[in-house]
Enquirer: 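Right, I'll just put the structure down here and ask away after.
As the structure is a computational prediction, the values presented were derived from the model and not from experiment. Residue numbers run from 1 in the order of the sequence given. Both counts, for ligands and for their atoms, begin at 1 and track the order of listing.
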Amino acid sequence: MSEHRHHSSSEPILHAQALEHDYGSISVLENVTLPISRGAVTGLIGPNGSGKTTLLRVLAGLLEPTAGTVTYNGEETARRIGYLPQQPAFRPGFTVAETLSFYAALVGEDKSTAMDRLEQVGLSDARRRPVEALSGGMTRLVGIAQATIGDPPVIVLDEPASGLDPGMSSHVFDVATELAGAGTAVILSSHDLELVDQHADEVVVLDDGSIATRGRPAAIRQSLGVDTVRGVYEASISGETTTVRVQGVSS
Ligand SMILES: Nc1ncnc2c1ncn2[C@@H]1O[C@H](COP(=O)(O)OP(=O)(O)OP(=O)(O)O)[C@@H](O)[C@H]1O
């Protein structure tokens with residue numbers, strides 16, 4: 001748990017205010033207000049279907065909220081926000097190196113940046129492999145490398161550790177911590193509560209489209225009288241843990 005990363009500006013780099021999101025008649029986000037700090041890892045946790053992907057897409061500017069606003073207060077860069085989708089996919093017919101070089105060129109970086117990012121995610125040896133010949137975990141690692149190209153001040157990662165082996169899962173969280181150490185605001189979702197406990201500076205528990213609990217891990221553990229982020233999760237979410245709550249469907 002790192003309490004040591006404080007950067008000059010205390011103003012949140014991204015500020016979501018009173019977000020609502022509906023898919024047709026189905027309300028998925030309700031009154032979500034969330035300031036995102038620079039130089040910190042924000043861990044978004046919550047049950048399946050609680051709205052994490054929806055919230056991350058709204059934060060990344062890929063989905064227009066039904067109501068509310070997201071304000072960006074960072075530097076004007078070639079790319080403000082890097083994003084790893086939950087199901088990364090790349091255009092077939094190109095190698096890993098070609099794919100990342102293409103993204104690097106889009107933001108005015110050269111090929112060496114792409115190769116540095118590949119090395120950072122531990123994928124250098126796969127650089128000549130066609131993207132369609134990668135495993136699910138390797139594809140996600142390419143997606144993480146892609147999200148960091150151009151040094152966007154905000155990086156949004158939707159389940160970056162999903163499908164990765166234990167060593168690579170912790171490595172991905174270490175990379176997130178490193179990026180935050182360099183001043184980047186990293187927001188990630190995960191179902192690995194232990195890794196979130198170890199790496200997140202700020203934890204957000206989403207339950208049924210609303211923020212149930214939010215704060216520094218130590219503070220929220222203390223206020224809920226539990227020892228772990230898993231305890232925080234269990235104390236924060238309502239309803240059964242073995243049934244997916246499907247918005248718009250009353251049981
Ligand atoms: N395009 C869509 N149209 C209609 N409903 C949607 C759409 N996308 C998501 N939903 C619904 O919104 C709710 C929240 O989905 P979301 O993917 O944001 O949850 P999540 O917390 O990321 O879930 P998981 O942990 O399973 O990935 C779910 O009930 C889902 O069925």
Enquirer: Pick from Leu34, Leu206, Ile220, Val205: which one makes a side chain to side chain contact (heavy atoms under 4.5 Å, CB included) with Arg214?
Expert: Leu34
Enquirer: For ligand 1, does Asn48 get within less than 4.0 Å through its side chain, its backbone, both, or neither, judged by non-hydrogen atoms?
Expert: both
Enquirer: Nearest 0.5 Å, what's the OG1-CG distance between Thr54 and Leu62?
Expert: 12.0 Å
Enquirer: Please give me the minimum heavy-atom distance between Ser169 and Leu195, naming the atom from each residue.
Expert: CB-CD1, 3.8 Å
Enquirer: Between Asp192 and Ser190, does a side-chain hydrogen bond (donor to acceptor under 3.5 Å, both in side chains) hold up when you go through it step by step?
Expert: CA-CA 5 Å; Asp192 191 323; Ser190 181; 5.6 Å; no
Enquirer: With nothing but distance in play, are any N or O atoms of Gly51 less than 3.5 Å from an N or O of ligand 1?
Expert: yes
Enquirer: Please check if a non-hydrogen protein atom sits closer than 4.0 Å to atom 31 (O) of ligand 1.
Expert: no
Enquirer: With heavy atoms of Lys52 as the reference, note each atom of ligand 1 found under 4.0 Å away.
Expert: 18 (O), 19 (O), 20 (P), 21 (O), 22 (O), 23 (O), 24 (P), 25 (O)
Enquirer: Please indicate whether Glu132 has more than 12 foreign heavy atoms, meaning atoms of other residues, nucleotides or ligands, lying under 6.0 Å from its CD.
Expert: yes
Enquirer: Only heavy atoms of Ser50, strictly under 4.0 Å: list the atoms of ligand 1 that pass.
Expert: 19 (O), 21 (O)
Enquirer: Does any N/O atom on Gly46 come nearer than 3.5 Å to any N/O atom on ligand 1?
Expert: no
Enquirer: In ligand 1, which numbered atoms sit nearer than 4.0 Å to a non-hydrogen atom of Thr53?
Expert: 17 (O), 18 (O), 20 (P), 22 (O)
Enquirer: side-chain hydrogen bond (donor to acceptor under 3.5 Å, both in side chains) for Asp207 and Ser238? Distances and angles first, verdict last.
Expert: CA-CA 7 Å; Asp207 182 34; Ser238 53; 2.8 Å; yes
Enquirer: Quick check on contacts: which atoms of ligand 1 are under 4.0 angstrom from a heavy atom of His191?
Expert: 25 (O)
Enquirer: Which atoms of ligand 1 sit under 4.0 Å from any heavy atom of Gln86?
Expert: 27 (O)
Enquirer: Would you call Tyr233 and Val196 a side-chain contact if the rule is heavy atoms closer than 4.5 Å?
Expert: no
Enquirer: Specify the closest pair of heavy atoms between Ala145 and Leu100, including all atoms of both residues, with the distance to one decimal.
Expert: CB-CD1, 3.8 Å
Enquirer: Could you state the interatomic distance from CD1 (Ile187) to CD1 (Ile36), rounded to the nearest 0.5 Å?
Expert: 4.0 Å
Enquirer: Are any of the heavy atoms in Arg57 under 4.0 Å away from ligand 1?
Expert: no
Enquirer: Provide the number and element of each atom of ligand 1 under 4.0 Å from a heavy atom of Val28.
Expert: 12 (O), 13 (C), 14 (C)
Enquirer: Look at ligand 1 and say whether Ile26 reaches it with a heavy atom at a distance under 4.0 Å.
Expert: no
Enquirer: Kindly indicate whether atom 14 (C) of ligand 1 is approached by any protein heavy atom to under 4.0 angstrom.
Expert: yes
Enquirer: Could you tell me which atoms of ligand 1, counted from 1 in the order shown, lie closer than 4.0 angstrom to a heavy atom of Glu159?
Expert: 25 (O), 27 (O)
Enquirer: With backbone taken as N, CA, C and O and side chain as the heavy atoms from C-beta onward, which portion of Pro47 lies under 4.0 Å from ligand 1: side chain, backbone, both, or neither?
Expert: backbone
Enquirer: Taking the inter-plane angle between the rings of Phe90 and Tyr103 on a 0 to 90° scale, is it parallel (under 30°), tilted (30 to 60°) or perpendicular (over 60°)?
Expert: perpendicular
